[in-house]
Every structure is written in structure tokens, then in C-alpha cells.
Amino acid sequence: MKAAAVPEGLIMERLRGPHSLLGMSRWDLAEGFPGVPEKVLLAKLRKLVKRGVISGCACGCRGDFHAEEA
């Protein structure tokens with residue numbers, strides 16, 4: 001499985017949801033993607049951080065991801 005297979009829209013939906021006011025950890029995000037390997041999800045998150053779509057740390061730590069305002 002490649003990072004491109006993980007839908008960006010679902011990640012953004014989770015990060016803009018009511019439970020994300022303080023940010024979401026990588027484990028919180030992973031709950032919405034059963035069957036997606038951890039490394040693949042982190043690769044997708046890393047790409048989104050690099051593009052400036054989300055903020056957080058995708059090094060493998062907690063992450064504390066936030067959706068950036070459009």
C-alpha cells in the first residue's frame with residue numbers, strides 16, 4: 001500500500017471534526033484508517049505537512065496534527 005491510497009479528504013475531515021480542537025495524535029488519526037499500516041499513514045501525514053495543508057510532526061512522535069486554515 002502506498003501513501004497515495006490514503007484519502008486526503010478523510011484526514012482533513014477528521015482534523016476539522018469536533019474532537020480535534022487540541023489537535024490529534026497519529027494514533028487518533030489511525031483509528032479512522034483500519035488496515036492502513038502505520039508507516040503508510042505517517043508518510044501521508046508527512047506529505048501533507050510538507051505541502052502546508054496540515055501542521056504537526058510526522059517523525060513518529062505523538063504528532064499533534066492540526067488542519068491549517070484555508
Side-chain angles (χ1 to χ4, degrees):
M1 177 179 270
K2 294 184 177 186
V6 180
E8 180 179 324
L10 290 178
I11 292 174
M12 298 309 295
E13 185 178 305
R14 288 184 56 84
L15 288 175
R16 290 187 176 122
H19 300 293
S20 64
L21 296 175
L22 300 174
M24 295 186 83
S25 72
R26 63 186 179 108
W27 301 290
D28 293 333
L29 286 168
E31 289 177 4
F33 299 94
V36 175
E38 181 180 347
K39 290 173 104 175
V40 174
L41 183 58
L42 280 173
K44 181 66 169 197
L45 294 170
R46 207 172 289 120
K47 289 179 182 188
L48 294 174
V49 169
K50 186 174 181 177
R51 283 184 26 216
V53 176
I54 65 173
S55 61
C57 181
C59 77
C61 67
R62 178 177 164 82
D64 291 326
F65 296 98
H66 298 272
E68 290 296 319
E69 297 301 320

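All residue numbers in this chain count up from 1 along the given sequence. Given the structure is predicted, the values throughout are model-derived calculations rather than measurements.
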S.K.: Taking all non-hydrogen atoms of both residues into account, name the closest pair between G52 and E68 and its distance.
M.R.: O-CG, 3.4 Å

S.K.: Looking at L41 and V36, what are the two nearest heavy atoms and their distance?
M.R.: N-CG1, 4.1 Å

S.K.: Would you mind telling me which of L48, D28, L29 makes a side-chain contact (heavy atoms from CB on, under 4.5 Å) with F65?
M.R.: L29

S.K.: Which heavy atom of M12 sits nearest a heavy atom of A67, and at what distance?
M.R.: CE-CB, 3.8 Å

S.K.: If I compare all heavy atoms of P37 with all of M1, which pair ends up nearest, and what's the gap?
M.R.: CD-SD, 3.7 Å

S.K.: Flag the pair K44 / F33 as yes when at least one side-chain heavy-atom distance between them is below 4.5 Å, and no otherwise.
M.R.: no

S.K.: Contact between E31 and R14 at the side-chain level, heavy atoms closer than 4.5 Å - yes or no?
M.R.: yes

S.K.: Can you check whether K47 reaches V53 side chain to side chain, under 4.5 Å on heavy atoms?
M.R.: no

S.K.: Has the side chain of R26 got a donor or acceptor atom that lies under 3.5 Å from a matching backbone atom of C61?
M.R.: yes

S.K.: Quick one: are L45 and V6 in side-chain contact, heavy atoms under 4.5 Å?
M.R.: no

S.K.: Rounded to the nearest 0.5 Å, how far does CZ of R62 lie from CE of M24?
M.R.: 10.0 Å

